[in-house]
Amino acid sequence: MSGSPPPPGGFVRRIGLFQATAINMSQMCGIGPFVTIPLMVGAFGGPQAVIGFVAGAVLALADGLIWAELGSSMPGSGGSYVYLRQAFQYRTGKLMPFLFVWTAMLFIPLIMSTGVVGFVQYLGYLAPDMGRTTGDLVGLGIILGVVLLLWRGIEHIARITAVMWAVMIVSVLLVIVAAASDFSGHLAFTYPHGAFSPTTSHFWTGFAAGLTIGIYDYLGYNTTAYMGAEVKNPGRVLPRSIVFSILGIMAIYLLLQIGTLGVIDWHRMTDPHDIASTSVASAVLEKTWGKGAADTVTVLILITAFASVFTGLLGGSRVPYDAARERVFFRLYAKLHARHRFPVWGLATMGVITAIGFLIGRHTDLATLIQLLTTVMIIVQSLAQVLALTVLRRRQPGLRRPYRMWLYPVPGVVALVGWLVIYGYADRNSPGRHPIEWSLAWVALGCVAFALWSRYEKVWPFGPKEISEEYLTGADPDAEPVPA
């Protein structure tokens, strides 16, 4: 087992490879593809939308290999918080880990809120007369139910997650099989003129929008990295759970996308008044196997959506724990439940923010909410983590690395380019919403909060830097750090 052991009274390592992969896949799939397939088709303007899921998988795998190396080397709770703290402490003290936690407390619940929005959206297929107020109350009830289920020990949660993972697999397989039973190659593979022409600005605009939607659908491949302190043999389990979950979900998404396009005319998916634009999987089942089958599978999709929010808050609630315990965030968040050993205030706070994000999402469109949360995430997590990998290889060459990135640094370069494409096209894909400006404003506000906090705590820049290299325990004693 790599890295330092958890502190006395801290987390317990009880999550194995199957459970870790199930947690990632449940978070990745969820309601995402069932609500974003029409968005993807709209972005590309035709069945060539499958490009978006392929591009999203490439970016997820490239970025996932970064998570795999960092997570296996430093398997603590909090994921990026641990990696950014270790990498950037030499020059900017606690600024980067503080900004990450500050930002994660927003973007992780926002991701979960989109899942609840999708849940209510699909519930509308079963209850077409459901009003907006009723839908709001149902969504808030779902969030409360998730928090209550997570209010228990990790060994019980792991079993619940395995069951939800099984339901997720059944639901997507039923949609795939139903689509295959009435598949039309003409519908799936008839493309508009110039659909694949890379010389047109429309293609690249659609590609950027599709890449954004695609990576949103894959988000969650890093969930167990946030729970590194609870994973058994993390040097082996974390990298495998990340890669296995990405490859598994990619296969599922491609089959779902192509199968759906082979049953439902893609023009229906872009019509806001057509059920295929809001509940495309239900529309597939209704056309192929009838209304009864559509209702049954819709229920399974709702359980899958619930599982996604469940696993997302499970991993996300661990983010502020290490930061608070090490005096990089509000100390209140260092408290674990006396009996079940989970972070009480991290879970409670993210539950509240998820509820707020859900209510906001109900009054805007899903694509805009995805764009906003993605731009906020990219600055402080995605781009910073690509740099952190290189910095740590130079600063801590003796760090135990049970997994070293394949083809280094190529995956890091691919991830960097992919994230920059998504960020650069954010405003163009969300006219009038200004997601880039909002993301920069949030980070700037975080810098102000850090200045006030660091002055109160008397740390850099108002005090000495605190250099901590606890994961170097057991490292190569002959390796010397290289100045960055």
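If you read the sequence from its start, that first residue is 1, and numbering goes on from there. Keep in mind that this is a model prediction, so the values were computed, not measured.
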Would a 4.5 Å heavy-atom cut-off, applied to side chains only, mark [X] and [Y] as touching?
| X | Y | value |
| --- | --- | --- |
| Trp67 | Tyr83 | yes |
| Pro75 | Tyr471 | yes |
| Ser197 | Phe203 | no |
| Arg393 | Glu69 | yes |
| Tyr321 | Phe329 | no |
| Val414 | Pro411 | no |
| Phe244 | Leu17 | yes |
| Val101 | Tyr333 | no |

Kindly give the heavy-atom pair with the smallest separation between [X] and [Y], and that separation in Å.
| X | Y | answer |
| --- | --- | --- |
| Leu149 | Phe310 | CB-CE1, 3.6 Å |
| Leu336 | Pro343 | CD2-N, 3.5 Å |
| Gln257 | Val41 | NE2-CG2, 3.9 Å |
| Val386 | Ile66 | CG2-CD1, 3.7 Å |
| Gly118 | Val35 | CA-CG1, 4.0 Å |
| Gly228 | Leu238 | CA-CD1, 4.4 Å |

Next item on the list: List in chain and number order the residues that pass salt bridge (charged side-chain N to carboxylate O under 4.0 Å, His left out) with Arg327, two or more places apart in sequence or in another chain; answer none if no residue qualifies.
Entry: Glu457, Glu466
Next item on the list: Classify the angle between the aromatic ring planes of Tyr253 and Phe53 as parallel (below 30°), tilted (30 to 60°) or perpendicular (above 60°).
Entry: tilted
Check: Parallel under 30°, tilted from 30 to 60°, perpendicular over 60°: which one fits the rings of Trp204 and Phe207?
Finding: perpendicular
Next item on the list: Check the pair Met40, Val50 against side-chain contact (heavy atoms from CB on, under 4.5 Å), reporting the backbone distance first and the verdict last.
Entry: CA-CA 8 Å; Met40 190 76 81; Val50 69; over 6 Å; no
Name every donor-acceptor pair, under 3.5 Å, that has one atom in a side chain of residues 445-455 and the other anywhere in the protein, sequence neighbours excluded.
from: Ser454; atom 1: OG; to: Phe450; atom 2: O; distance (Å): 2.8
from: Ser454; atom 1: OG; to: Ala451; atom 2: O; distance (Å): 3.1

Could you pull out every donor-acceptor pair under 3.5 Å between side chains of residues 372-380 and any protein atom, sequence neighbours left out?
from: Thr374; atom 1: OG1; to: Ile370; atom 2: O; distance (Å): 2.6
from: Thr375; atom 1: OG1; to: Gln371; atom 2: O; distance (Å): 3.1
from: Thr375; atom 1: OG1; to: Leu372; atom 2: O; distance (Å): 2.9
from: Thr375; atom 1: OG1; to: Pro435; atom 2: O; distance (Å): 3.4

Donor on one side chain, acceptor on other, [X] and [Y], under 3.5 Å:
| X | Y | value |
| --- | --- | --- |
| Tyr216 | Thr114 | yes |
| Glu469 | Tyr90 | yes |
| Ser317 | Tyr226 | no |
| Tyr218 | Asp63 | no |
| Tyr221 | Ser241 | no |

Checking the side chain of [X] only, and the main-chain atoms of [Y] only, is there a donor and an acceptor separated by less than 3.5 Å?
| X | Y | result |
| --- | --- | --- |
| Arg13 | Val231 | yes |
| Asn24 | Thr224 | yes |
| Gln48 | Phe44 | yes |
| Lys94 | Val459 | no |
| Ser308 | Thr304 | no |
| Gln89 | Ser468 | yes |
| Gln19 | Gly16 | yes |
| Thr349 | Gly346 | no |

Next item on the list: Output the distance between atom CD (Gln385) and atom OG (Ser80), rounded to the nearest 0.5 Å.
Entry: 3.5 Å
Notebook entry, point to check: What distance separates Ser113 OG from Ile353 CD1, expressed to the nearest 0.5 Å?
Noted result: 10.5 Å
Next item on the list: Would you verify whether the NZ or CZ of Arg240 falls within 45 degrees of the ring axis of Tyr403 while also being under 6.0 Å from that six-membered ring's centre?
Entry: no
Check: Is the number of heavy atoms from other residues, nucleotides or ligands under 6.0 Å of Trp345 CH2 greater than 12?
Finding: no
Next item on the list: Go through the steps to decide whether Val443 and Trp102 satisfy the test side-chain contact (heavy atoms from CB on, under 4.5 Å), and finish with yes or no.
Entry: CA-CA 8 Å; Val443 173; Trp102 170 268; over 6 Å; no
Next item on the list: In plain terms, say whether Arg14 and Glu230 are close enough for a salt bridge, that is, a side-chain N and a carboxylate O under 4.0 Å apart.
Entry: no
Check: In this structure, which one of Ile246, Ile249, Thr223 forms a side chain to side chain contact (heavy atoms under 4.5 Å, CB included) with Met25?
Finding: Ile249
Margin query: Using the rule given for side-chain contact (heavy atoms from CB on, under 4.5 Å), can you reason through Asp136 versus Leu359, listing the C-alpha separation, both sets of side-chain angles and the distance that settles it, and then say yes or no?
Written below: CA-CA 7 Å; Asp136 290 345; Leu359 293 176; 4.1 Å; yes
